[in-house]
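All ligand and atom numbering here is 1-based and tracks the order in the structure.
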Amino acid sequence: MRLIGLTGGIASGKSTVSGLFKSAGVPVVDADIVARNVVQKGTGGWKKIVKTFGNNILLENGEIDRALLGQIVFSDPAKRKLLTRLLSPHISCGIFWEILKLWVKGCSVITVDIPLLFETKMDQWTNPVIVVWVETETQIERLMLRDGCSEEQAQNRINTQLALDWKKSEADIVINNSGSLEDTKEQFREVLKQVSAPLTWKERMRSRDGFLSIVMCTAAGVLLAQKNLL
Ligand SMILES: CC(C)(COP(=O)(O)OP(=O)(O)OC[C@H]1O[C@@H](n2cnc3c(N)ncnc32)[C@H](O)[C@@H]1O)[C@@H](O)C(=O)NCCC(=O)NCCS
Ligand SMILES: Nc1ncnc2c1ncn2[C@@H]1O[C@H](COP(=O)(O)OP(=O)(O)OP(=O)(O)O)[C@@H](O)[C@H]1O
C-alpha cells in the first residue's frame, strides 16, 4: 500500500489538491475532518476540551464553538500546544481507522491530507511527502479572502505552523500553487503519473515500516487512552 502524505501551510491549497486526488479516483483521508469528528458532542475529545477550556467554549447546542476556540488558541501558543497535545491521540487514531477502512476495501493508494504532517512527525509514515507551496503574499490574500480575517490574523495563523519554505525543502514533491488553478492541475497530472508508478523495493520497505508504525502507535494510544493515561 502507498500512503501519500499531503501537507503545506494554512490556505496553501491542500484541500484544492486533495480534491484533484479524489477526482482522479485516489481516496483521501482528511485530518481536518477527522479532527472535527473527534470533538463532536459527547466524544472523548469533546470532554477533554470542555474540561480544559470550560463550558464557555460551548455553543447553545452543546457543540464546541470552533470560532471561539480558534481565537483562543491562535492567539496563545501555550493553549494551542495544549489543545494539539489533547487531541493528537484522538486524531491519530481517527486517521488510522480511516486508512484501515480503505485498506480493507482494497485501496492500494491512499492520500492523507494532514496540515501538521511534519509538526506531528507523521511524515515518516508516508511516501512520498507532497508539499503544496504558495508564495506568502498569495497565501495571506487567499486566507483573508476565504476566512474573512485581517492581514494580522492571517499572518498570526501562518506563524503558528512550521515555515512553508522549510516544509518545501523537506518535500519529496512540491506543487507550486501560486499560479492559476489550471497551472496547479497541470503539475498535479505529472504528480499523479509519478505516484501511480509501482513502488520500488526500497519504497515498499519504507511504506511497510510506516504502516507498522501506525499500527503500533495507534495500539499504544488506545491502550494509554483506556488506562486514562492521556
Ligand atoms: C482551533 C480549531 C478549533 C479551529 O477550527 P476551525 O474550524 O476554525 O479551523 P479548521 O479546523 O478547519 O483548521 C483550519 C486550518 O488551521 C490550521 N490548524 C488547525 N489546528 C492547528 C494547530 N493546532 N496548530 C497550527 N495550525 C492549526 C490547519 O492548517 C487547518 O487546516 C481547530 O483547528 C482545532 O481543533 N485544531 C486542533 C486540532 C488540530 O491539531 N488539527 C490539525 C489536524 S492535523
Ligand atoms: N490556484 C488557486 N487560485 C486561486 N485560488 C485558489 C487556488 N488554490 C486555492 N485557492 C483558494 O485559496 C483558498 C485556500 O485553499 P485551500 O482551502 O485548498 O487551502 P488549504 O491548504 O486546504 O487550507 P487549510 O489549511 O485552511 O485547510 C480557498 O479559498 C481556495 O479556493
Does Ile10 offer a backbone N or O that forms a donor-acceptor pair with the side chain of Gln139 under 3.5 Å?
-> yes

With heavy atoms of Val73 as the reference, note each atom of ligand 1 found under 4.0 Å away.
-> 1 (C)

Would you check if the side chain of Lys22 reaches a backbone N or O of Val28 as a donor-acceptor pair within less than 3.5 Å?
-> no

Pick from Leu116, Val34, Leu68, Ile95: the one approaching atom 22 (C) of ligand 1 most closely through a non-hydrogen atom = Leu116

Quick one: look at Thr120 and ligand 1, take heavy-atom pairs under 4.0 Å, and tell me if it's side chain, backbone, both or neither.
-> neither

Could you find the nearest protein heavy atom to atom 28 (C) of ligand 2 and give me its residue, atom name and distance?
-> Arg146 CD, 3.9 Å

Atoms of ligand 2 under 4.0 Å from any heavy atom of Ser180, numbered from 1 in the order shown, are 1 (N)

Closest to atom 32 (C) of ligand 1 among protein heavy atoms sits Arg66 NH2, 3.5 Å

If you scan protein heavy atoms around atom 43 (C) of ligand 1, the nearest is Asp32 OD1, 3.9 Å

Nearest neighbour in protein (non-hydrogen) for atom 19 (C) of ligand 1 | Phe74 CZ, 4.0 Å

Can you tell which of Met144, Arg142, Arg157, Gln161 gets a heavy atom nearest to atom 10 (N) of ligand 2?
-> Arg142

Heavy-atom distance under 4.5 Å between the side chains of Glu170 and Val129, does that happen here?
-> no

Return yes when atom CH2 of Trp166 has more than 12 non-hydrogen atoms of other residues, nucleotides or ligands closer than 6.0 Å, and no otherwise.
-> yes

What is the closest protein heavy atom to atom 8 (O) of ligand 1, and at what distance does it sit?
-> Arg157 NH1, 4.2 Å

Nearest protein heavy atom under 4.0 Å from atom 16 (P) of ligand 2, yes or no = yes

Interatomic distance, CG@Leu83 vs NZ@Lys81, rounded to 0.5 Å, equals 13.0 Å

Enumerated ligand 2 atoms positioned under 4.0 Å from heavy atoms of Ile10 | 25 (O), 26 (O)

Apply the side chain to side chain donor-acceptor pair (under 3.5 Å) test between Asn159 and each candidate in Arg157, Gln161, Gln155; give the one that qualifies.
-> Gln155

Under the 3.5 angstrom rule, does the side chain of Thr7 hit a backbone N or O of Pro115 as a donor-acceptor pair?
-> yes

Side-chain heavy-atom pair Arg189, Glu186 within 4.5 angstrom cut-off = yes

Evaluating non-hydrogen atoms only, which member of Gly19, Gly9, Gly13 is closest to atom 19 (O) of ligand 2?
-> Gly13

Lys/Arg N to Asp/Glu carboxylate O, Glu119 vs Lys167, below 4.0 Å = yes

Quick one: does Glu119 get a heavy atom under 4.0 Å from ligand 1?
-> no

Considering only heavy atoms, which of Ser15, Ser178, Ser12 lies nearest to atom 22 (O) of ligand 2?
-> Ser15

How far does CG of Asp32 sit from CG of Asp113, to the nearest 0.5 angstrom?
-> 6.5 Å

Determine yes or no for a side-chain-to-main-chain donor-acceptor pair under 3.5 angstrom, with Ser92 supplying the side chain and Ser88 the backbone.
-> yes

Please identify which atoms of ligand 1 are closer than 4.0 Å to at least one heavy atom of Gln161.
-> 17 (C), 18 (N), 25 (C), 26 (N), 27 (C), 28 (C), 29 (O)

Ligand 1 N/O within reach of Arg36 N/O, cut-off under 3.5 Å | yes

Close-contact set for ligand 2 against Lys14 heavy atoms, below 4.0 Å = 18 (O), 19 (O), 20 (P), 21 (O), 22 (O), 23 (O), 24 (P), 25 (O)

Specify the protein heavy atom at minimum distance from atom 27 (O) of ligand 2: its residue, its atom name, and the distance to 0.1 Å.
-> Asp32 OD2, 3.4 Å

Sub-4.0 Å atoms of ligand 1 with respect to non-hydrogen atoms of Thr84 | 23 (N)

Taking C-beta and beyond as the side chain, do Arg2 and Ile4 meet within less than 4.5 Å on heavy atoms?
-> yes

Do Val39 and Leu87 have side chains that get closer than 4.5 Å, going by heavy atoms?
-> yes

Looking at Trp133, is Lys168 sitting on its ring face, NZ or CZ under 6.0 Å from the six-membered ring centre and within 45 degrees of the normal?
-> yes

Check ligand 1 against Ile91 and write out every atom of the ligand that is under 4.0 Å from a heavy-atom position of the residue.
-> 38 (C), 39 (C)

Per atom 18 (O) of ligand 2, closest listed option by heavy atom (Ile158, Thr16, Leu6) = Thr16

Heavy-atom side-chain proximity of Leu164 to Val131 below 4.5 angstrom = yes

Might you confirm whether atom CD of Glu182 has over 12 heavy atoms from other residues, nucleotides or ligands at distances under 6.0 Å?
-> yes

Nearest protein heavy atom with distance in Å, relative to atom 16 (O) of ligand 1 | Ile10 CD1, 3.5 Å

Can you find a heavy atom in the side chain of Ser150 that is under 4.5 Å from one in the side chain of Met144?
-> no

Enumerated ligand 1 atoms positioned under 4.0 Å from heavy atoms of Thr160 | 25 (C), 26 (N)

heavy-atom search around atom 8 (N) of ligand 2 in the protein gives Asn177 ND2, 3.0 Å

The atoms of ligand 1 lying under 4.0 Å from a heavy atom of Arg80, numbered in the order shown, are 23 (N), 24 (N)

Under 4.0 Å from any heavy atom of Gly179, which atoms of ligand 2 are there?
-> 1 (N), 2 (C), 3 (N)

Around atom 37 (C) of ligand 1, find the nearest protein heavy atom and jot down its residue, atom name and distance.
-> Leu83 CD2, 3.6 Å

Quick one: which ligand 1 atoms are inside 4.0 Å of a heavy atom on Ile114?
-> 44 (S)

